[in-house]
Amino acid sequence: MGFDFTVLKGSPSGIKKATTHRPDLTHDDVLVRVTHSGVCGTDLHYQDADMALGHEGTGVVEQVGPDVKFLKQGDRVGWGYEHDCCGYCSHCLTGWETMCPERKMYAGANTDQGSFASHAVWREAFLFKIPDALSNEDSAPLMCGGSTVYNAMHVAGVTSSSRVGIVGIGGLGHLAIQFAAKMGCQVVVFSGTDSKREEALKLGATEFYATKGAKELKIGNPLNNLIVTTSSQPDWNLYASVLDNGAVISPLSVSMDEFKFPYMTLLSKGLRVQGSLVSARQVHHDMLAFAAFHGIKPIKMTYPLTADGATECLKTLNDGKMRYRGVLVAQN
């Protein structure tokens, strides 16, 4: 028998409603009724592809497979970018399954289902129970956006005594400010103009600098970490001078351009450029617990979880008018 449910697929002519069939639940499969889906910049890259869209899903467990151990009907859960891994390689065995050579990620596997949908079937091992203090609506953008910035801080070794620079106040940046502030860091925010100064300070920034037209930055004490959340790479020469010796750069921009950084500055200051993806599962659990405890929530705009709603949301995001994360809300 199995399950038939609705998904929203990309296509060159726009988002289309389609039906996906999944067989009866086996092993640790879980059927989730989707209540909300975050809309991520990555979704823009695939809106013309013949695949189910969305990877920031939250919902309610409707059925569980025979090997499910912890989740039960009615539990609120979410999922993100990674759906599966081999479980046996050195990366998986040391808690870095996001580095698994056989990892299954959004747009690379399970392309018949996503979070722009009525339901989805995922392994229990890759579902995250949502803390009571977080709503499904607020949790959806954390499943990728929150996971991405929290993981960047984790792998870069950010501590409460770190002086953290954050470039950009958008879908990722406004979450990064909150996480860093609640970690006890000095949070130094860079944005093109002064228009978001007050908002950045309310989110937890301790300093703010407008960078449009700047030839150099003067910020006082240098930075231990620099997290870049803009949609394209910044002028690295502008930021190189404000980094402390041994500082870590976390570039989160999705850019097909080559990474070009002042070479001798990299050597002489002993800088580290740390690439990262979304969180491995334990870090993701930690992120949700941290967000719940500290009241970290996205600033969001909501749309109906329909083809028209998804189209309007993606257009708003593509036009640079999203403030700051789009969330699709199921209409049932």
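Nothing here was measured: the structure is a model prediction, and the numbers come from that model. Side-chain atoms are counted along with the backbone in the values below, which use heavy atoms only and exclude waters and symmetry mates.
When the side chains of ILVMFWY residues are joined at heavy-atom separations under 4.5 Å, either directly or via intervening members, V164 and L203 end up in a single hydrophobic cluster. Cluster membership for W236 and V273, using ILVMFWY side-chain heavy atoms within less than 4.5 angstrom, is shared. Taken together through direct or relayed side-chain contacts under 4.5 Å among Ile, Leu, Val, Met, Phe, Trp and Tyr, M301 and F116 form part of one hydrophobic cluster. Tracing side-chain contacts under 4.5 Å through hydrophobic residues (I, L, V, M, F, W, Y), one never reaches V149 starting from F293; they form parts of separate clusters. Residues L175 and L226 fall into different hydrophobic clusters, defined by Ile, Leu, Val, Met, Phe, Trp and Tyr side chains chained together at heavy-atom separations under 4.5 Å.
Between R22 and D112 there is a salt bridge, since a side-chain N of the basic residue sits under 4.0 Å from a carboxylate O of the acidic one. Checked for salt-bridge contact, D244 and R163 miss the test: no charged N lies under 4.0 Å from a carboxylate O. Contact check on K69 versus E124 returns no salt bridge, with no Lys/Arg side-chain nitrogen under 4.0 Å from an Asp/Glu carboxylate oxygen. Between E82 and R103, no side-chain nitrogen of the basic residue sits less than 4.0 Å from a carboxylate oxygen of the acidic one, so the salt-bridge criterion is not met. The existence of a salt bridge linking E199 and R323 is confirmed by a sub-4.0 Å separation between a basic side-chain nitrogen and an acidic carboxylate oxygen.
Remark: the S255 side chain and the S253 side chain contain no N/O donor-acceptor pair separated by less than 3.5 Å. The closest side-chain donor-acceptor pair between S232 and T230, if any, does not fall under 3.5 angstrom. When only modelled atom types and interatomic distance are considered, D286 and Q282 share a side-chain donor-acceptor pair under 3.5 Å. Of the N and O atoms on the side chains of Y81 and T148, not one donor lies less than 3.5 Å from an acceptor on the other residue. With 3.5 Å as the limit, one finds no donor-acceptor pair spanning the side chains of H91 and E97.
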Item to check | CA sep, side-chain torsions, deciding dist, call: F3, T20, side chain to side chain contact (heavy atoms under 4.5 Å, CB included) | outcome: CA-CA 8 Å; F3 306 93; T20 282; over 6 Å; no
Checklist entry - Between D84 and R123, is a salt bridge (Lys or Arg N to Asp or Glu O under 4.0 Å) present by the stated rule, with each step listed? => result CA-CA 8 Å; D84 206 348; R123 290 188 58 205; 2.7 Å; yes
Checklist entry - Going through the distances and angles, do Y46 and Y106 end up as a side chain to side chain contact (heavy atoms under 4.5 Å, CB included)? => result CA-CA 10 Å; Y46 297 108; Y106 177 58; 3.9 Å; yes
Checklist entry - Could you walk me through whether H55 and T42 pass the side chain to side chain contact (heavy atoms under 4.5 Å, CB included) check? => result CA-CA 9 Å; H55 59 279; T42 309; 3.9 Å; yes
Item to check | Step-by-step side chain to side chain contact (heavy atoms under 4.5 Å, CB included) determination, S11 to K16 | outcome: CA-CA 7 Å; S11 81; K16 308 291 185 182; 3.7 Å; yes
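For S147 (side chain) and S279 (main-chain N/O), a donor-acceptor pair under 3.5 Å exists by modelled atom type. Of the possible donor and acceptor atoms, one in the side chain of T206 sits under 3.5 Å from a partner among the backbone N and O of V187. Of the possible polar contacts, none joining the Q63 side chain to the L25 backbone as a donor-acceptor pair under 3.5 Å is found. Using a distance-only test at 3.5 Å, with no hydrogens or angles considered, no donor-acceptor pair links the side chain of D319 to the main chain of T316. Between the side chain of S115 and the backbone N or O of S37, no donor-acceptor pair lies under 3.5 Å. Of the possible donor and acceptor atoms, none in the side chain of T211 sits under 3.5 Å from a partner among the backbone N and O of A214. Checking side-chain atoms of D138 against main-chain N and O of S135 turns up no donor-acceptor pair under 3.5 Å. Not a single donor-acceptor pair under 3.5 Å links the side chain of K218 to the backbone N or O of V242. Under a 3.5 Å cut-off, the side chain of Q331 and the backbone N or O of V329 do form a donor-acceptor pair. At distances below 3.5 Å, at least one donor-acceptor pair connects side-chain atoms of T229 with backbone N or O atoms of G168.
In this structure, D132 places its CG atom where only 12 or fewer heavy-atom neighbours from other residues, nucleotides or ligands lie under 6.0 Å away. No more than 12 heavy atoms of other residues, nucleotides or ligands shown are found within 6.0 angstrom of NZ on K297. For D50, the CG atom is loosely surrounded, since the number of other residues' heavy atoms within 6.0 Å does not exceed 12. More than 12 heavy atoms of other residues, nucleotides or ligands lie within 6.0 Å of CD in E62, so this atom counts as buried by the packing criterion.
The ring-ring contact (aromatic ring centres under 6.0 Å, His included) test applied to H83 returns W122, not counting sequence neighbours. Partners of D4 according to the salt bridge (charged side-chain N to carboxylate O under 4.0 Å, His left out) rule, which considers only residues two or more places apart in sequence or in another chain, do not exist here.
Taking CD1 of I296 as the reference point, atom CZ of F179 lies at 4.5 Å (rounded to 0.5 Å). Distance check: L44 CG to N318 CG gives 5.0 Å after rounding to the nearest 0.5 Å. Atom NZ of K260 and atom CG of D235 lie 13.0 Å apart (nearest 0.5 Å). Taken to the nearest 0.5 Å, the CZ atom of R76 stands 12.5 Å off from the CG atom of L71. Atoms CG and CD1, from D48 and I15 in turn, are 9.5 Å apart once rounded to the nearest 0.5 Å. Of the inter-residue distances, the one linking C185 atom SG with N225 atom CG reads 7.5 Å to the nearest 0.5 angstrom.
A side chain to side chain contact (heavy atoms under 4.5 Å, CB included) with V228 holds for exactly one of L252, V167, L172, I166; it is V167.
When all heavy atoms of S139 and L134 are compared, the pair lying nearest together is OG-CB, 3.4 Å. Taking all atoms of both residues into account, the shortest heavy-atom contact from S250 to A156 is OG-CB, 3.9 Å.
Screening residues 311-332 for ring pair (Phe, Tyr, Trp, His ring centres under 6.0 Å), with sequence neighbours left out, gives H174-Y324.
Using bins of under 30°, 30° to 60° and over 60° for the plane-to-plane angle, the ring pair H294/F290 lands in the tilted bin.
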